[in-house]
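Convention: sequence-line order gives letters A, B, ...; per-chain numbering from 1.
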Protein chains: 6
Amino acid sequence: MYELGVVYRNITRADRAATDRLAALGSATVHEAMGRVGLLKPYLRPIYAGAQVSGTAVTVLLQPGDNWMMHVAAEQIRPGDIVVAAVTAECSDGYFGDLLATSFRARGARALIIDAGVRDVKTLAAMNFPVWSKAISSKGTIKATLGSVNIPVVCAGMIVHPGDAIVADDDGVVCVPAAMVVRTADAAAARESFEGEKRAKLAAGVLGLDMYNMREPLAKAGLRYID
Amino acid sequence: MYELGVVYRNITRADRAATDRLAALGSATVHEAMGRVGLLKPYLRPIYAGAQVSGTAVTVLLQPGDNWMMHVAAEQIRPGDIVVAAVTAECSDGYFGDLLATSFRARGARALIIDAGVRDVKTLAAMNFPVWSKAISSKGTIKATLGSVNIPVVCAGMIVHPGDAIVADDDGVVCVPAAMVVRTADAAAARESFEGEKRAKLAAGVLGLDMYNMREPLAKAGLRYID
Amino acid sequence: MYELGVVYRNITRADRAATDRLAALGSATVHEAMGRVGLLKPYLRPIYAGAQVSGTAVTVLLQPGDNWMMHVAAEQIRPGDIVVAAVTAECSDGYFGDLLATSFRARGARALIIDAGVRDVKTLAAMNFPVWSKAISSKGTIKATLGSVNIPVVCAGMIVHPGDAIVADDDGVVCVPAAMVVRTADAAAARESFEGEKRAKLAAGVLGLDMYNMREPLAKAGLRYID
Amino acid sequence: MYELGVVYRNITRADRAATDRLAALGSATVHEAMGRVGLLKPYLRPIYAGAQVSGTAVTVLLQPGDNWMMHVAAEQIRPGDIVVAAVTAECSDGYFGDLLATSFRARGARALIIDAGVRDVKTLAAMNFPVWSKAISSKGTIKATLGSVNIPVVCAGMIVHPGDAIVADDDGVVCVPAAMVVRTADAAAARESFEGEKRAKLAAGVLGLDMYNMREPLAKAGLRYID
Amino acid sequence: MYELGVVYRNITRADRAATDRLAALGSATVHEAMGRVGLLKPYLRPIYAGAQVSGTAVTVLLQPGDNWMMHVAAEQIRPGDIVVAAVTAECSDGYFGDLLATSFRARGARALIIDAGVRDVKTLAAMNFPVWSKAISSKGTIKATLGSVNIPVVCAGMIVHPGDAIVADDDGVVCVPAAMVVRTADAAAARESFEGEKRAKLAAGVLGLDMYNMREPLAKAGLRYID
Amino acid sequence: MYELGVVYRNITRADRAATDRLAALGSATVHEAMGRVGLLKPYLRPIYAGAQVSGTAVTVLLQPGDNWMMHVAAEQIRPGDIVVAAVTAECSDGYFGDLLATSFRARGARALIIDAGVRDVKTLAAMNFPVWSKAISSKGTIKATLGSVNIPVVCAGMIVHPGDAIVADDDGVVCVPAAMVVRTADAAAARESFEGEKRAKLAAGVLGLDMYNMREPLAKAGLRYID
């Protein structure tokens, strides 16, 4: 259950340097480095292709059809943050547009992750302000009911705590708990360092079957080839 | 219930000048200017990004898997119209492709809004003929059963009367009743005239909390800040 | 029911020349030429716009969350093939990324059709390796359970046999049984040869009602015009 | 677009006797008698099996998460009415429970058709108050924003005018325009009068192929039997 | 791809005695006995609770909104058959009601499995004619386009060949290939014979952890208990 | 992100007496008493109608297609508990059947809430073991990968902590944080004490408009009556 009507001003943000390294590593590699956990559901999609960001989470809990708390959240943004927005019920309304994006950017926000809809997507793309959302909708919202800022929220099926590291790209969105961000960035970088060599081998026609020594375990599992 | 097998030839189209002004204002602003109503459901999506149009509705009611009435509708199109197509049942077949688009354009149509599927989307994009649809599908249709043209239809959850003004862009599709189009265009333009100033303030770091005087009503609603 | 744990090495591929002609004809025309059958469900979408390919099917049956058989399938790919992947249960995980794409391409594959998710979509687009999938997801997979290669599979609602011809573009994906590919390519080409002339007429303002002689059958069906 | 904040007190209800005959005929037969139109989308389901009702529509337009207008609608109910409720946006909240059902019944309502959620379904079943809804949900609603009563609404994809006849059973919900109710009831009764005889023949083993003389048209359409 | 316009009259039905034993074993046990395959997707649901049947498949391929082939299929039914119906496109119309059920039963059919909608469900329940379907809908169908009878079809994601054994109950629907029915019935019966003993132990408070010797493998996998 | 491979043995359960009072109050009243929060998404449905339970949560995190941790959870159940099961990915497999239900009941469990599928529903109903699930499916699961027991989980969109109170009935499922259960039970009881009087008035024909003094606020909001 959610605590309503509160704004936590002092949150512990994940290590800045480690968080910033996550963007280039990408959501797939980071999520693998954590043991294949931390992924928000894949119905969250970027509003335009190509953005690749990481940052620390400022969380906001919204009421259905009401974006009042987005303005409250704006004040809590610090440079390097990504706003992660959840809603207390299913809603596809357009909670966020180019005015809020202008304000978020002025405060230093790098992106918005929202389990609802956004609008003004043409302008947002022109501004290069990346958003991952569940829907795109012209539907406006009102400002009447309190939610909360910087409480733990459930966004697209994943618990996000304020200060957690977020990494998002065309493949999806991953949440890395603040306490794990340094070791995750290291593990992800290690994973990636092997990729170039593997790619070269595969491009040369070497099969994964041989490169990963899969033939024996496949045979053991009972795989039969039929001519 | 729908009247089947009829074509209304004389429809009263919304004011041309006011209708034409809606495109630049956009679906979000127009929908706000009407009091947050008139929006078709957000599952309708543009087949390519960036189109922004407005026009007067020629409506067509189709049967599932049957696009016969599209040809009947073509004859009723006048320059400045947008065809709004509904189906009597759920269907994602590809009712419309580049040949029909060529015909619609020759008659003066600006766009198609369809609560079903379309195909030839690569060619449609190359032709710059914008379509908002529920699906993209190669699935062809037959020509066997009558529907109607220029009757009131339900498209993506919204009643559209022939002659209503339609505005569509990357954010969605809005229907403005013919009788309201002048006052809606004026109200939307008024809304927009304030946006530049607001954007400048927000870009300078002014918070919406202050610009919109939200701090007092938030406190009254019981918002608590916790350090 | 599926046969598990088998790889058929010798499959009969559809006629190469006829298969290769299908790409330019496109999924909509090919599907019409077969009598409006053969279409995979339209929830399969390309990961980037504009690709248009045809090829012979190498089929692979995957287990949920497990992409082991993708590596087994890679060895069975010959130049001109398209891999068609089905899963034994609903799954949106990211079974395929840039490393597998590098391997598939090195073996001569032209595309992947998968009834599940893929990742590394930015790199796949940069590589120009086309994929039609149900989802995009960072979610990684394991390598633990056997499926099969080159058995008949159900992909997006359609039975695909190994060796069938596949054609895919922005409108969707169509499967042409190997035995029908020559006559289908011919019939599709014949359909297309009339399109230029039709397009010219429609662009000149001729109505489909007249070009297709629809006025009489419409009147017989009872269509009434009301002024 | 909807007119908000209005209550039409004087509506013309469909012929009472004809409306009342519809319940026994059932939604499938009535919908066939109208030419296979008038059906609300099948995602509306009864909250308990076995109810079979008809009545005249009192329509109500609700705001998302707000059931204020249900109380306004209650006053407009007359004996023999069925309340048909639409919402201005997608919402599955529980708009209606046993207290409102008690009030509706006291006013003479026979049922509720609602394109949203309801709750207290165990009590509603015990009361024998039938409801067709999109969802069942404990989620409560507030009373803050105006909708309208007795305007034309879109409920589950169908336009319903106040005073139209509604028939609902385990198979679904059909709307018969007030002007058509007498002739529809007659046509439906005529359809049904043949059913007993048909059922007896089919039960005796006569095939529909013979009873409906389908063998010749099937052969003409090209059906081939293969032994 | 489907072969259209054909009826195969001579099909090889699965062993009768083994097929008949499957009903009492149930869909879950049978599906386990085959190695957790053969299950149709769980969106197929019984129209009433409690039915438990098995039989041999007569397959029928239908066109969207058209139930003509159901009458053709009726003639091919023999006592002990279950009709398995697929559609060439997504459709929720009511293809089947009490008249067809009367005819199917007269021919000896035990049930219908249909990847579409049915109607007259109250009467079907009263007749005790079990149906597993994707939807319930009053929507009627026409009789205009050919499909096929007794070809392999894809129903709810699974390939069903004519003559395969089908078992269906409240948990779902499973298809057992004709060639595997005897050994599957034996394996399922063997599985079930151990269930009574297990149930008695578990009811006495023995934990599955101990009964199945899971403590050691769990510890090996790294499970930690924290007090 | 979830902590994997751990079992917390000592959890603080919500006050027993207050928890036990929640069942009779019902999910709708309890959720209202908390301020309309705490509700799990309404896609969770009871497998049979009429059950009404409350209890303390033992939580379990499952892997897709793997029910190993259900057996680990069984040992942690104490009389009066309700097992709340989440999965690390979307899955509709049948994780739970009559054997596990026998074991859970022997340990004192009152119900299962699961964001996935279950099977043996006929037997579960006969046993009177209530389950709220997302799906019903014969699909079996394996026992291969660790999850966790008694960590905070997200079930149907809501965070549930071990020891929280759960109340579930035909209307849905509500989670009450352990610290709030006494005051919530009191508030819910207070709400309910007024219902009998209200029901009597409404049954006598008094309108909610008058009973709740709505006429003035409706007029203030601008409601217009049109004769």
Side-chain angles (χ1 to χ4, degrees), chain B residues 3-11 47-49 65 67-77 92-94 97-108 116-127 133-151, chain C residues 25-46 49-52 167-175 191-192 194-215 217-227:
Chain B
E3 189 186 6
L4 292 178
V6 295
V7 181
Y8 287 88
R9 272 197 283 235
N10 297 316
I11 64 173
I47 58 166
Y48 58 88
N67 79 343
W68 211 12
M69 299 310 287
M70 288 298 239
H71 292 278
V72 177
E75 192 176 28
Q76 306 307 315
I77 295 170
S92 66
D93 291 357
D98 69 318
L99 287 181
L100 266 171
T102 301
S103 179
F104 276 28
R105 171 158 285 169
R107 307 291 300 178
V118 297
R119 57 187 191 173
D120 299 333
V121 294
K122 198 176 181 174
T123 310
L124 294 175
M127 290 173 65
S133 73
K134 184 169 82 172
I136 292 170
S137 172
S138 305
K139 186 77 157 38
T141 49
I142 59 171
K143 296 172 210 316
T145 311
L146 294 187
S148 291
V149 172
N150 282 332
I151 63 166
Chain C
L25 294 162
S27 66
T29 300
V30 169
H31 140 89
E32 290 281 356
M34 287 200 294
R36 274 193 302 279
V37 293
L39 193 63
L40 282 69
K41 289 194 184 169
Y43 65 71
L44 288 191
R45 295 299 304 145
Q52 191 148 352
V167 52
D169 57 20
D170 287 353
D171 291 339
V173 182
V174 171
C175 172
R191 278 184 76 87
E192 213 202 31
F194 299 113
E195 297 240 323
E197 193 186 342
K198 284 185 198 168
R199 194 176 293 107
K201 278 192 189 170
L202 292 167
V206 177
L207 285 165
L209 287 178
D210 298 310
M211 195 170 81
Y212 300 114
N213 298 313
M214 289 172 173
R215 292 192 192 272
L218 283 164
K220 265 194 192 158
L223 188 68
R224 291 172 300 125
Y225 285 85
I226 297 169
D227 287 321

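Each of V173(C), D170(C), D227(C), V174(C) has some count of heavy-atom pairs under 4.5 Å with chain B, and the biggest count is that of D227(C). Of the listed residues (L207(C), V30(C), V206(C)), the one with the most heavy-atom contacts under 4.5 Å to chain B is L207(C). Chain C forms more heavy-atom pairs under 4.5 Å with one residue of L146(B), L100(B), D98(B) than with any other, namely L146(B). Of the residues considered (P42(C), G205(C), G208(C), A204(C)), P42(C) shows the highest number of contacts with chain B, using heavy-atom pairs under 4.5 Å.
Considering CG of L218(C) and CE of M69(B), their distance stands at 6.5 Å, rounded to 0.5 Å. Rounded to the nearest 0.5 angstrom, H71(B) NE2 and D210(C) CG are separated by 11.5 Å. From R45(C), atom CZ reaches atom CD1 of I136(B) across 4.0 Å, with rounding to the nearest 0.5 Å. Rounding to the nearest 0.5 angstrom, the gap separating the CD atom in E32(C) from the OG atom in S138(B) is 9.5 Å. Note that CE of M211(C) and CG of L99(B) are 6.5 Å apart. Values are rounded to the nearest 0.5 Å. If you take CG on D120(B) and OG1 on T29(C), they are separated by 7.0 Å, rounding to the nearest 0.5 Å.
Contacts between R105(B) and chain C at a heavy-atom distance below 4.5 Å are absent for every atom of the residue. Residue contact with chain B, scored on non-hydrogen atoms closer than 4.5 Å, involves the side chain of Y212(C) exclusively. Looking at L39(C), the atoms closer than 4.5 Å to chain B (heavy atoms on both sides) all sit in the side chain, from C-beta outward. Looking at T141(B), the atoms closer than 4.5 Å to chain C (heavy atoms on both sides) all sit in the backbone: N, CA, C or O. Neither the backbone nor the side chain of A49(C) comes within less than 4.5 Å of any heavy atom in chain B. At a 4.5 Å heavy-atom cutoff, the contact between A74(B) and chain C is made by backbone and side-chain atoms alike.
In terms of heavy atoms, I142(B) sits closest to R36(C) at CG2-NH2, 2.7 Å. Closest non-hydrogen pair, A106(B) versus L202(C), comes out as CB-O, 3.3 Å.
Counting heavy atoms of neighbouring residues, nucleotides and ligands inside a 6.0 Å radius, atom NZ of K198(C) exceeds 12 of them.
D171(C) contributes a side-chain N or O that, together with a main-chain N or O of V121(B), makes up a donor-acceptor pair within less than 3.5 Å.
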Run the side chain to side chain contact (heavy atoms under 4.5 Å, CB included) check on M214(C) and V72(B) step by step: do they pass?
CA-CA 9 Å; M214(C) 289 172 173; V72(B) 177; over 6 Å; no
